[in-house]
Amino acid sequence: MSNVSFPSNFVWGAATAAYQIEGAWNEDGKGESIWDRFSHTPGKITNGDTGDVACDHYHRYPEDIALMRQIGLKGYRFSVSWPRVLPAGFGRVNLAGLGYYDRLVDSLLAANIEPFITLHHWDLPQAIWERGGWINRDNLSFFADYAALMAKHLGDRIKRWTTFNEPSVIAIDGYVSGEHAPGVKNDWKMARQVIHNLMVAHGLAVQAIRAAAPGLEVGIVLSQWGVDPSSDEPSDIAAANHIWNSRETAFLHPIFRGYYHPEMVDAVGDQMPEVKSGDFALISQKLDFLGINSYSRSVISAQGQIAPIPGSEYTEMGWEVCAPAFRRLLNRINQNYSLPPVYITENGASFKDVVSPDGKIHDERRIDYLRQHFTQVRLAMQDGVDVRGYFVWSLIDNFEWGHGNTKPFGLIQTDYDTLKRTMKDSGEWYQQVIASNSVDQQQYKSV
Ligand code: IFM
């Protein structure tokens, strides 16, 4: 295979999230989010980093859009900071916040870049958390009201809408590991109720968006990792299947089948969340597309998870690089569910970057990661998975949650002292991929 080409209307994009890039945490009437509060709490984030300034994208978005144009992006996936437009999460609208998203979207459209919007990428208004967060079902309708507000306001300019980014991470990292805001630890029961309530909120928001602005395409972004058996031994295969069925289906099954996987129900026992009548009908409304974020896989044997895998490469996040697992994952989801069109809404790699004496960042490992993953996704498309676009995580190095500014994923480097942006070789390579609509299998040589 020397050159892998993609369909002519394939959406090549890059993704970011509000808290990770915007900064301006308390400007122009923005309310506080749980991530503001969490990152301001000593000891929570590596090096005491915060998203107070982040990439300062709030002020520098014109420069960032110029860089997107330079790469040739066809799509850009961003999220809205809920407390920037509704400081308390409901009620009074902050017009300055809406105005910022107006300017961002208008500038993207003027640059011929399609905006893909995500309504919630983890920066919950602090005031909503104080009213019980995702556990209090009254708050779910506030999310739907916020979705309707945004759809009314931007539905004339944005076609593709997603409700949540990676709701599994909200629940597990926010309520079990406690490494993310709001920082609750080891509360599996609460985490399971949060998972369920987030899906109900998703369903309410889908209805609200469709009512507010008919004709929009609505989806959700799920984090899915492949689960591979460690060998062909039947006991290893059974163990891996059990992990898939009892964990990785937590959102897929309710959303695409309307019930929890029976193996998950068995495994969770009396810790299953409370389900109210009508919930599954809301949760399983037909979607226009599914966003899949994937970075790596788990390898499971009858004895448990195996890590690290001898001989495998690992990224700075400690995630194994295994592109063929991406193809298997996409095929598995496609075969098990009746899916709408799929977008790869995030994929990418954190590797340490070095500025060379020539002033450039020769990030060959990131290029190699992307090349392998693009190729495997193309193969999955040939297998029958209807993938319509691909958003590299991330456009630009940004605030990587609990890890602060220490895990660069960007096609563009951020210097956090000067806020200077530098295009990496991966950004130049991606420009060539987009321009040729194909992935060259030869080793990239910096230009
Ligand atoms: O940075 C995150 C993003 O916010 C959600 N998906 C995974 C990325 C890398 O960890």
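Atoms within each ligand, like the ligands themselves, are counted from 1 in listed order.
No hydrogens or angles considered: a donor-acceptor pair under 3.5 Å links the side chains of His202 and Thr163. Checked by atom type, the side-chain pair Asn165/Arg77 shows a donor-acceptor distance below 3.5 Å.
By the 4.0 Å N-to-carboxylate-O rule, Arg332 lies too far from Asp228 to be salt-bridged with it. Under a 4.0 Å N-O distance rule, the pair Lys189/Asp187 does not qualify as a salt bridge.
Among all non-hydrogen protein atoms, the one lying nearest atom 7 (C) of ligand 1 is Glu346 OE1, 3.2 Å. When hydrogens are left out, the protein atom nearest atom 10 (O) of ligand 1 is Glu400 OE2, 2.5 Å; that is the closest non-hydrogen contact.
In this structure, Phe399 has no heavy atom closer than 4.0 Å to ligand 1. The closest approach between any non-hydrogen atom of Lys407 and ligand 1 is not below 4.0 Å.
In terms of polar-atom proximity, defined here as any N/O pair under 3.5 Å, Trp393 does make such a contact with ligand 1. In terms of N/O distances under 3.5 Å, ligand 1 is approached by Gln20. In terms of polar-atom proximity, defined here as any N/O pair under 3.5 Å, Asn293 makes no such contact with ligand 1. On a distance-only criterion, Trp319 and ligand 1 share no N/O pair closer than 3.5 Å.
Residue-ligand proximity, Glu166 to ligand 1, at heavy-atom distances under 4.0 Å covers atoms 5 (C), 6 (N), 7 (C). Close approach of ligand 1 to His121 is summarised as follows: ligand atoms under 4.0 Å from at least one heavy atom of the residue are 3 (C), 4 (O), 5 (C).
In this pair, Tyr390 and Phe10 present their aromatic rings tilted. The plane angle is within the 30 to 60° band. Tyr430 and Phe374 have tilted rings, their planes meeting at an angle from 30° to 60° on a 0 to 90° scale. Aromatic ring pairs are classed by plane angle as parallel below 30°, tilted from 30° to 60° and perpendicular above 60°; the pair Trp134 and His120 is perpendicular. The aromatic rings of Phe326 and His373 are tilted relative to each other, their planes meeting at an angle between 30° and 60°.
Compare Tyr295, Phe409, Tyr19 by their heavy atoms: the one nearest to atom 8 (C) of ligand 1 is in Tyr295.
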